[in-house]
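See below for the structure under consideration.
Residue numbering restarts at 1 for every chain, and letters A, B, ... go by the order of the sequence lines. As the structure is a prediction and not an experimental result, all values here were calculated from the model.
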There are 2 protein chains.
Amino acid sequence: MTLLESIVKRKETYKRGQLLFRAGERFDFIYAIRGGSVKTSVCTPDGRVQITGFHIPGEVLGLSALALGQYSSEARALETTSVCRVEAARLDELAQKIPSLQYQMMKIMSGQIRQDEELMLLLGRRSAEERLAEYLIGLSRRFAARNFSPTQFNLSMSRGDIGNYLGIAEETVCRILTRFQNAGMIATQRRHVSLIDLRQLEAVARMKPAA
Amino acid sequence: MTLLESIVKRKETYKRGQLLFRAGERFDFIYAIRGGSVKTSVCTPDGRVQITGFHIPGEVLGLSALALGQYSSEARALETTSVCRVEAARLDELAQKIPSLQYQMMKIMSGQIRQDEELMLLLGRRSAEERLAEYLIGLSRRFAARNFSPTQFNLSMSRGDIGNYLGIAEETVCRILTRFQNAGMIATQRRHVSLIDLRQLEAVARMKPAA
DNA sequence: CGGCTTATTGATCCGACTCAACGTTAGTGG
DNA sequence: CCACTAACGTTGAGTCGGATCAATAAGCCG
């Protein structure tokens, strides 16, 4: 990541709802998020959409386009977001100058595969409550890793986006959030969330405590 | 792939049910399948399993271990399977001798991400019938690409494995196969499958015809 | 041949979806 | 700055797809 940042060519800013790239487009850039947040999604020929990830600063987008030379997913800013772009065409050239760059990129992709495996596990095998509990815990950990409060944060994505990502209906997201709130595990106000009883939330998600 | 094959160190054979590697193990080898088939899976702390892929000759396994130095999934032979192994420790060394090797590996990983995105779409957004129809079509295409019959083939995985992979119950797999059979779209006998009406099957999967 | 795994089919139940109505907030332009 | 509007969020009622539980059949292998 730091390497990628050091060879950045351009910085760009996107507003809420703007596309960074869309599926099928020619692979021109890799994107490193500097600030804000981005959702990535794929869709079926008949128009159904699956959100594949929410991305925060420090994360790199677009590498899955490498194999076929075109993006397989689309990326859209959830709020005002600034990114660094690296021209795909220069990647080979850069890799020759910086031998460890390719290794960095492989690590990123390897990590992406790992993360996708987690999401598949969640989509295939977990109940709606477990999904949402795990989702909240995952957010909490990501914020903690960036030295933000792990118990108080703002969601940049809508209920609909959360539901889509987790493979459940928007209404179910609301209902379960209400249920968690009634159980004293969380408090929500619109997009602001407070995690009150992490322990209990982890029990619902049936996860091991953080490693 | 051809490159990987040219630098292969060891060939190994696994029998049905044997593990190639398991989650958490140290990342020692990359595996290229020469013959047979392999399933990969991940699991939750409480023991639920999600199969993430069925793999056939020509495919490479284990690259997602790169990021953390340990496998994130397990791989198990579905039948007698022969593989080529490359020592992970020698990858750096090899990459220096063969500059395009890393690029090859990135392409493989990039392709893996793409494939995982498809599975997420399937797990999150499709009905059981659509899943199974798409599964059969996908198999058909993979066999066709290897010059086997796209309409007649043997499954190396059980109904339970299929159901797990698709995120549905084993019983539902059976029921829907029966339904497809009654509709004259396929014929099954145990693990042997004949696709009779591909057109109709594609309609059920709501897919575009093959590109 | 007998025990074991895999596949099939039936009956029942429940979690989550859909449809629908309504409340709330943020963003827009006058 | 305020009114208006569109997007977002919440809640309820009713339905259904697919899970689960249970029993039986059909291969498979020693």
Side-chain angles (χ1 to χ4, degrees), chain A residues 15-18 39 48-51 76-80 122-136 154-183 186-194 204-206, chain B residues 15-17 39 48-51 76-80 122-136 154-183 186-194 204 206:
Chain A
K15 277 187 277 203
R16 172 186 153 77
Q18 282 191 311
K39 66 176 173 182
R48 276 172 292 182
V49 175
Q50 171 70 41
I51 293 175
R76 194 182 290 272
L78 285 166
E79 59 195 310
T80 300
L122 182 143
L123 289 173
R125 304 254 78 80
R126 289 170 172 282
S127 72
E129 281 200 359
E130 290 171 332
R131 293 178 197 201
L132 208 43
E134 177 154 342
Y135 179 70
L136 292 172
N154 271 88
L155 305 173
S156 59
M157 72 293 291
S158 70
R159 301 287 193 271
D161 281 345
I162 295 172
N164 184 294
Y165 176 66
L166 298 176
I168 57 186
E170 177 176 351
E171 296 93 323
T172 304
V173 174
C174 284
R175 271 184 257 274
I176 292 176
L177 285 179
T178 304
R179 222 179 292 165
F180 285 173
Q181 194 154 353
N182 291 341
I186 66 170
T188 65
Q189 187 145 21
R190 206 78 184 158
R191 295 198 180 183
H192 186 79
V193 179
S194 307
V204 171
R206 294 187 210 267
Chain B
K15 275 186 277 202
R16 172 186 153 78
K39 66 176 172 182
R48 276 172 292 183
V49 175
Q50 170 70 40
I51 294 175
R76 194 181 290 272
L78 285 166
E79 58 194 311
T80 300
L122 183 144
L123 290 173
R125 305 254 78 78
R126 289 168 170 280
S127 72
E129 280 201 358
E130 290 172 332
R131 292 178 199 203
L132 208 44
E134 176 154 341
Y135 179 70
L136 292 172
N154 271 88
L155 305 173
S156 60
M157 71 293 290
S158 70
R159 300 288 194 270
D161 281 346
I162 296 171
N164 183 293
Y165 176 66
L166 299 177
I168 57 186
E170 178 176 349
E171 296 92 322
T172 304
V173 174
C174 285
R175 269 185 259 273
I176 290 176
L177 285 180
T178 304
R179 222 178 292 165
F180 286 172
Q181 195 154 354
N182 292 340
I186 65 169
T188 65
Q189 187 144 24
R190 206 78 185 159
R191 294 198 179 184
H192 185 79
V193 179
S194 306
V204 171
R206 293 185 211 270

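With dT20(D), dT25(C), dA19(D) as the candidates, the nucleotide lying closest to the side chain of R190(A) is dT25(C). Among the nucleotides dA20(C), dC17(C), dA19(D), the one closest to the side chain of A169(B) is dA19(D). Side-chain atoms of R191(A) lie closest to dC8(D) of the nucleotides dT20(D), dT18(C), dC8(D).
The separation between I176(B) atom CD1 and dG18(D) atom P is 6 Å, rounded to whole Å. Residue F180(A) contributes atom CZ, which lies 17 Å from atom C1' of dT11(D) at whole-angstrom precision. The CZ-P distance, from R126(B) to dC17(C), rounds to 17 Å in whole Å. The CD1 atom of I168(A) sits 16 Å away from the C1' atom of dC14(C) (whole-angstrom rounding). For the pair E171(A) CD and dG14(D) P, the computed distance is 17 Å after rounding to whole Å. The CG atom of L78(B) sits 12 Å away from the P atom of dT6(C) (whole-angstrom rounding). Whole-Å rounding puts the L166(B) CG to dA19(D) C1' distance at 15 Å. We find that CG of L177(A) is positioned 10 Å from P of dG9(D), with the value rounded to whole Å.
R179(B) comes within contact range of no nucleotide atom at all, as no heavy-atom separation falls under 4.0 Å. Within 4.0 Å of G163(A), counting heavy atoms only, lies no atom of the nucleic acid at all. In this structure, R16(B) reaches the sugar-phosphate backbone alone: every heavy-atom distance under 4.0 Å involves primed, P, OP1 or OP2 atoms, never a base.
For M157(A) and A128(B), each mapped to the nucleotide of DNA chain D holding its nearest heavy atom, the one lying further toward the 5' end belongs to M157(A).
Looking at heavy atoms from C-beta onward, R48(A) lies in side-chain contact with R126(B) at the 4.5 angstrom threshold. Between L166(A) and T172(A), the closest side-chain pair of non-hydrogen atoms is not below 4.5 Å. Inter-residue side-chain proximity for L123(A) and R131(A) is flagged as met; some heavy-atom pair is nearer than 4.5 Å. Inter-residue side-chain proximity for I176(B) and R179(B) is flagged as met; some heavy-atom pair is nearer than 4.5 Å. With a 4.5 Å cut-off on side-chain heavy atoms, E130(A) and E134(A) do not count as touching.
Between T178(A) and the phosphate of dT11(D), there is a side-chain N or O to OP1/OP2 separation shorter than 4.0 Å. For the OP1/OP2 pair of dG18(D) and a distance below 4.0 Å, the side-chain nitrogens and oxygens of T172(B) include no atom meeting the criterion.
For dC17(C), its base never sits under 3.5 Å from the side chain of E170(A) at any donor and acceptor pair. R175(B) contributes no side-chain N or O that forms a donor-acceptor pair with the base of dG17(D) under 3.5 Å.
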